[in-house]
Amino acid sequence: PRAGGSGMKRFIGDVLVPRATTVALWLWVAFNIILILWVGLQSLKSANEVWSSPFALPASPQWQNYSSAWVAGQFSLAALNSVVITCLGATLIVALAAPAAYALARSTRRVAGPMASYFAIGLSIPLQTLAIPIVVARLELHTFMVDWVTGWWDDRITLLLFDVVLSLPFSVFVLYGYFRSLPVEIEEAAEMDGAGPVATLVRVVMPVARPALTTVFVLNLIGLWNEILLVLLIAPAPGQRTLPGALINFYSTMQYSSNWGGLFAGIVTLVYPMVVLYLWLGRRIIEGMTAGIGK
């Protein structure tokens with residue numbers, strides 16, 4: 001009986017559970033792929049087709065849905081805001097997180113470990129709990145800059161600042177683990193050649209850490225592109241919205257226009273670029289995430 005019981009446990013643990021997990025993951029992947037393709041098909045249908053035949057192919061592709069969404073949803077300026085804020089924000093995050101993570105990884109002081117733990121704790125704070133402080137800080141910063149410094153202020157700059165600050169804990173945490181996995185010998189060799197700390201970081205460590213830097217950059221790019229709560233809290237004005245904010249505003253007009261094909265076209269405009277980016281760099285992202293963990 002004991003042998004039979006242990007054999008059954010071994011079968012469940014070694015065969016049944018891994019296979020069930022694999023099947024569940026593939027079902028989840030298939031569901032997401034079908035959902036993405038379904039949204040793309042809906043974007044080429046008229047409003048009547050969206051409701052009358054949601055799972056059929058479009059009778060006649062309505063490519064004008066994209067132009068109507070672009071105009072009615074005011075996506076032109078929103079797309080420009082998204083591209084600028086996303087690219088600039090991801091670049092600033094990597095530029096700030098890399099030196100901070102490297103300093104913590106190579107520091108021999110006792111405070112280095114606790115400081116790295118504080119960055120990890122920052123990952124567990126929900127953004128929703130910071131909604132009121134964020135709004136207050138945004139109003140105070142706007143008033144201070146207008147009344148005391150420049151005489152003007154654009155809340156898109158505030159949005160960029162909060163995007164960078166709130167993304168630093170994750171970025172520093174990931175890069176910290178990767179930098180700790182790098183051998184110290186490469187830095188010692190650079191030091192023997194006369195390179196200082198900054199030159200060692202820029203010319204030696206950063207090229208070696210390119211997989212992790214690429215991972216952090218792309219993940220932040222995707223996160224900032226899809227960010228909506230901060231946009232609603234900080235930059236709700238029509239001229240300051242990013243694409244997610246413009247899409248939500250476009251959806252709120254559906255009760256008047258019923259332009260459902262245009263709405264799905266707007267979803268495609270927002271979602272598909274990040275899907276393509278992830279398909280292009282997905283393997284590098286996984287390599288960068290697992291390299292530091294594996295070591």
Side-chain angles (χ1 to χ4, degrees), residues 36 39-40 42-44 62-97 127 134-135 137-139 141-142 145-146 149-168 171 213-214 216-254 256-257 259-281 285:
I36 291 173
V39 170
Q42 300 305 104
S43 69
L44 299 176
Q62 305 293 315
W63 296 103
Q64 64 271 19
N65 287 340
Y66 287 89
S67 59
S68 67
W70 196 264
V71 174
Q74 300 178 351
F75 283 180
S76 56
L77 182 57
L80 178 62
N81 290 336
S82 287
V83 170
V84 173
I85 292 175
T86 299
C87 294
L88 185 57
T91 303
L92 289 174
I93 290 168
V94 173
L96 294 174
L127 182 58
I134 287 173
V135 173
R138 170 237 175 186
L139 294 174
L141 179 60
H142 187 98
M145 296 301 295
V146 171
V149 183
T150 61
W152 71 276
W153 188 249
D154 195 317
D155 287 328
R156 286 172 291 190
I157 304 176
T158 307
L159 176 62
L160 176 62
L161 293 176
F162 272 98
D163 279 336
V164 172
V165 170
L166 295 175
S167 300
L168 281 177
S171 304
L213 297 175
T214 302
V216 170
F217 180 82
V218 174
L219 290 179
N220 279 294
L221 206 68
I222 296 173
L224 297 184
W225 180 269
N226 295 319
E227 178 59 52
I228 181 57
L229 180 58
L230 282 178
V231 176
L232 297 178
L233 293 175
I234 297 175
Q240 299 175 344
R241 296 188 187 115
T242 57
L243 274 176
L247 183 63
I248 286 183
N249 182 70
F250 187 39
Y251 173 74
S252 66
T253 65
M254 285 296 99
Y256 306 108
S257 63
N259 186 10
W260 295 103
L263 177 64
F264 280 103
I267 296 174
V268 169
T269 303
L270 175 65
V271 174
Y272 272 38
M274 294 298 105
V275 173
V276 172
L277 178 66
Y278 192 85
L279 291 176
W280 179 34
L281 297 174
I285 295 173

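Computed from a prediction, not measured in an experiment: that's the story for all the values here.
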**Report entry** For Ser43, all residues meeting side chain to side chain donor-acceptor pair (under 3.5 Å), sequence neighbours excluded
**Finding:**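 For Ser43 the side chain to side chain donor-acceptor pair (under 3.5 Å) partners, ignoring immediate neighbours, are Tyr66.
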
Requested in this report: Report the residues that fulfil side chain to side chain donor-acceptor pair (under 3.5 Å) with Ser68, sequence neighbours left out, ordered by chain and then residue number.
Outcome: Asn259

For [X] and [Y], which heavy atoms make the closest approach, and how far apart are they?
| X | Y | answer |
| --- | --- | --- |
| Asp155 | Gln240 | CB-OE1, 3.5 Å |
| Gly266 | Ala69 | N-CB, 4.2 Å |
| Trp70 | Ser76 | NE1-CB, 3.4 Å |
| Leu243 | Ala79 | CG-CA, 3.8 Å |
| Phe217 | Ala90 | CE1-CB, 3.6 Å |

To the nearest 0.5 angstrom, please state how far the [atom1] atom of [X] sits from the [atom2] atom of [Y].
| X | Y | atom1 | atom2 | value |
| --- | --- | --- | --- | --- |
| Trp225 | Leu270 | CH2 | CG | 7.0 Å |
| Leu232 | Ile134 | CG | CD1 | 11.5 Å |
| Ile222 | Glu227 | CD1 | CD | 14.0 Å |
| Ile228 | Arg241 | CD1 | CZ | 9.5 Å |
| Ile85 | Leu92 | CD1 | CG | 12.0 Å |
| Asn220 | Ile93 | CG | CD1 | 4.0 Å |

Any side-chain heavy-atom pair from [X] and [Y] closer than 4.5 angstrom?
| X | Y | result |
| --- | --- | --- |
| Asn65 | Leu263 | no |
| Val218 | Tyr278 | no |
| Leu230 | Leu127 | yes |
| Phe264 | Leu44 | no |

N/O donor-acceptor pairs under 3.5 Å from side chains in residues 157-168, not counting sequence neighbours:
| unit_1 | atom_1 | unit_2 | atom_2 | d |
| --- | --- | --- | --- | --- |
| Thr158 | OG1 | Trp153 | NE1 | 2.7 |
| Ser167 | OG | Asp163 | O | 2.7 |

Requested in this report: Apply the test side-chain contact (heavy atoms from CB on, under 4.5 Å) to residues Leu221 and Leu277: give CA-CA distance (whole Å), side-chain angles for both, the deciding distance (0.1 Å), then the verdict.
Outcome: CA-CA 10 Å; Leu221 206 68; Leu277 178 66; 3.5 Å; yes

